[in-house]
Amino acid sequence: MGNGNTPLTVAAALQRAAQMLRGHGDSPRLDAEILLGRVLGASRSALIVRGTEPVSAETQRGYDQLIAGRMRGAPVAYLTGTREFWSLELDVTPDVLVPRPETEVLVEIALGLLPEHVPLSVLDLGTGSGAIALALASERPLVCMTGVDVSEPALAVAMANSRKLGLMQIRWRAGSWFQAVPDRRFDMIVSNPPYVASNDPALERLAAEPAVALSCGPTGLEAFDSIIDGAAEHLNPGGWLLLEHGHSQADDVARMLECRGFDHIRSHLDYSGNARVTLGSHSSVSLDRSPHKEHQ
């Protein structure tokens, strides 16, 4: 909103929005830029170039609505309808968890275990927007990829993303964990399951996102229990299970893997230095035939 009839410039509209968003997230300026870019159909760098241009009343109204939504706690990705993950532009809706940058670590480790020219089979449990499955399929076209989610609306988002990105070789299945793929075995299973404990105050900050994708019970370890319990029956000999988890859960997840007969168990750090992904293989035959470099 300008003073009287004087419209704000792009630079002034951004500055005002960033001030309004202080205290409503970790990156008020970045959020303000992404949201104005969305209304103007411009990149963030283009906003700098266009800093002195006036913002029309119609644009400002649309912008104010997005800023108000962000102040109410809506994630930026829900307001824009998109989120970049592994350089892929994914559509996201409130039916799916917003893909997080730390999940790219899971993709990176999985790719390190998937040779480029071997048609292995991979299962992504709790696929949500399809982020992990789509990232792996984009890098390993020969992989036979299956994405599973208990939520039909989430699967609809994943399928729309696969169409939009032209990654049509993925099979999408509805169901709870392995119930969606009875009698099938895979060379690798990956999952970023709900891992927030149900009494964790962090859930308040995440209230806009689907609860089923965030929390699965009082300890936050319940989903790992179900997945690790069923994984052996759904892995080929030497197959890997890769699990993303909370920063304090690595020891618990590693212990659970050990109890279920997994070996080669190790944890990897995310870009902030927190243990974020723990993996193990089932049986002594390993897919990873090259000497493995630890990712830090």
* When you measure from the side chain of Asn274 to the backbone N and O of Arg276, does any donor-acceptor pair fall under 3.5 Å? -> no
* Asked: So which heavy atom on Ala18 is nearest to which on Arg29, and how close?
  -> CB-CA, 4.0 Å
* To do: Answer with yes or no whether the hydrophobic clustering places Val49 together with Leu8; edges join I, L, V, M, F, W, Y residues whose side-chain heavy atoms lie under 4.5 Å apart.
  => no
* Does the side chain to side chain contact (heavy atoms under 4.5 Å, CB included) test come out yes or no for Leu123 and Val181, once each step is laid out? -> CA-CA 9 Å; Leu123 172 65; Val181 285; 4.1 Å; yes
* Check: Leu114 main-chain N/O paired with Arg140 side-chain donor or acceptor under 3.5 Å -> yes
* Got a second to check how far Arg61's CZ is from Thr59's OG1, nearest 0.5 Å? -> 9.0 Å
* Asked: In Å and rounded to the nearest 0.5 Å, what is the CG to CD distance from Leu90 to Glu84?
  -> 9.0 Å
* Check for a donor-acceptor pair, side chain of Ser176 on one end and backbone N or O of Gln179 on the other, with a separation under 3.5 Å. => no
* **Connected via hydrophobic side-chain network under 4.5 Å: Tyr271 and Leu242** => yes
* With distance as the sole test, does Arg38 use its side chain to make a donor-acceptor pair with the main-chain N or O of Thr80 at under 3.5 Å? -> yes
* Asked: Are the side chains of Asp263 and Ser281 in touch, meaning some heavy atoms are under 4.5 Å apart?
  -> yes
* To do: In sequence, state the C-alpha distance, the side-chain angles, and the governing distance for Glu244 and Tyr195, and then conclude on side-chain hydrogen bond (donor to acceptor under 3.5 Å, both in side chains).
  => CA-CA 9 Å; Glu244 178 178 331; Tyr195 55 69; 3.1 Å; yes
* **Heavy-atom side-chain contact between Lys164 and Glu89 under 4.5 Å** => yes
* Do you know the tightest heavy-atom contact between Leu142 and Glu116? -> CD1-O, 4.1 Å
* Are there more than 12 heavy atoms of other residues, nucleotides or ligands under 6.0 Å from atom CD of Gln19? -> yes
* Asked: When Pro153 is tested against each of Val96, Thr93, Asp95 for side-chain contact (heavy atoms from CB on, under 4.5 Å), which residue passes?
  -> Asp95
* Structure fact -> From the list Leu279, Ile265, Leu257, Thr278, side-chain contact (heavy atoms from CB on, under 4.5 Å) with Leu241 holds only for Leu257
* When you look at CD of Glu102, are more than 12 heavy atoms from neighbouring residues, nucleotides or ligands closer to it than 6.0 Å? -> yes
* To do: Please go through Leu66's hydrophobic cluster and name the other residues, only I, L, V, M, F, W, Y counting, with side-chain heavy atoms under 4.5 Å joining them.
  => Val10, Leu14, Met20, Leu21, Leu30, Ile34, Leu35, Leu36, Val39, Leu40, Leu47, Val55, Tyr63, Ile67, Met71, Val76, Leu79
* I would like to know whether Ser138 and Leu88 meet side chain to side chain contact (heavy atoms under 4.5 Å, CB included); could you show each step before the answer? => CA-CA 9 Å; Ser138 74; Leu88 304 172; 4.3 Å; yes
* Salt bridge present between Arg255 and Asp252 (N-O < 4.0 angstrom) -> yes
* Asked: Within a strict 4.5 Å, meaning less than it, do heavy atoms of the Trp86 and Pro99 side chains meet?
  -> no
* List the atom of Phe85, the atom of Arg100, and the distance in Å for their closest heavy-atom pair. => CE1-O, 3.5 Å
* Asked: Is there side-chain contact between Trp172 and Ser162, with heavy atoms separated by less than 4.5 Å?
  -> yes
* Reported OG-to-CE distance for the pair Ser121 and Met145, which is rounded to 0.5 angstrom -> 9.5 Å
* Asked: Going through the distances and angles, do Asp187 and Val122 end up as a side chain to side chain contact (heavy atoms under 4.5 Å, CB included)?
  -> CA-CA 6 Å; Asp187 297 306; Val122 180; 5.9 Å; no
* Asked: Got a second to check how far Cys259's SG is from Asp229's CG, nearest 0.5 Å?
  -> 11.0 Å
* Ring geometry between His245 and Phe224 (parallel below 30°, tilted from 30 to 60°, perpendicular above 60°) -> perpendicular
* Where is the tightest heavy-atom contact between Ala137 and Ile170, given as atom of each residue plus distance? -> CB-CD1, 3.8 Å
* **Side-chain donor/acceptor of Arg22 to backbone N/O of Pro28, under 3.5 Å** => no
* To do: Could you tell me whether the side chain of Arg185 and the main chain of Leu235 form a donor-acceptor pair under 3.5 Å?
  => yes
* Considering residues, nucleotides and ligands other than Asp251, do more than 12 of their heavy atoms fall under 6.0 Å from its CG? -> no
* To do: Take Arg171 and Arg184, measure what side chain to side chain contact (heavy atoms under 4.5 Å, CB included) needs, and give me the verdict at the end.
  => CA-CA 13 Å; Arg171 302 169 187 187; Arg184 283 200 59 201; 3.5 Å; yes
* Check: Phe178 and Leu125 side chains under 4.5 Å, non-hydrogen atoms -> yes
* Is His24 atom NE2 crowded by more than 12 heavy atoms from other residues, nucleotides or ligands, each under 6.0 Å away? -> yes
* Return yes when atom CD of Glu53 has more than 12 non-hydrogen atoms of other residues, nucleotides or ligands closer than 6.0 Å, and no otherwise. => yes
* Asked: Should Val107 and Leu136 count as side-chain neighbours, where that means a heavy-atom distance under 4.5 Å?
  -> yes
* To do: Classify the ring geometry between His282 and Phe262 as parallel (under 30°), tilted (30 to 60°) or perpendicular (over 60°).
  => perpendicular
* Would you indicate whether Glu233, at its atom CD, is surrounded by more than 12 heavy atoms from other residues, nucleotides or ligands within a distance under 6.0 Å? => no
* Structure fact -> Taken to the nearest 0.5 Å, the spacing of Asp124 CG from Ser191 OG works out to 6.5 Å
* Output the distance between atom CD1 (Ile228) and atom CZ (Arg260), rounded to the nearest 0.5 Å. => 6.0 Å
* **Minimum heavy-atom distance between Leu221 and Met256, given as atom pair plus value** => O-CE, 3.8 Å
* Structure fact -> Heavy-atom nearest pair, Ser129 first then Asn161, reads O-ND2, 3.0 Å
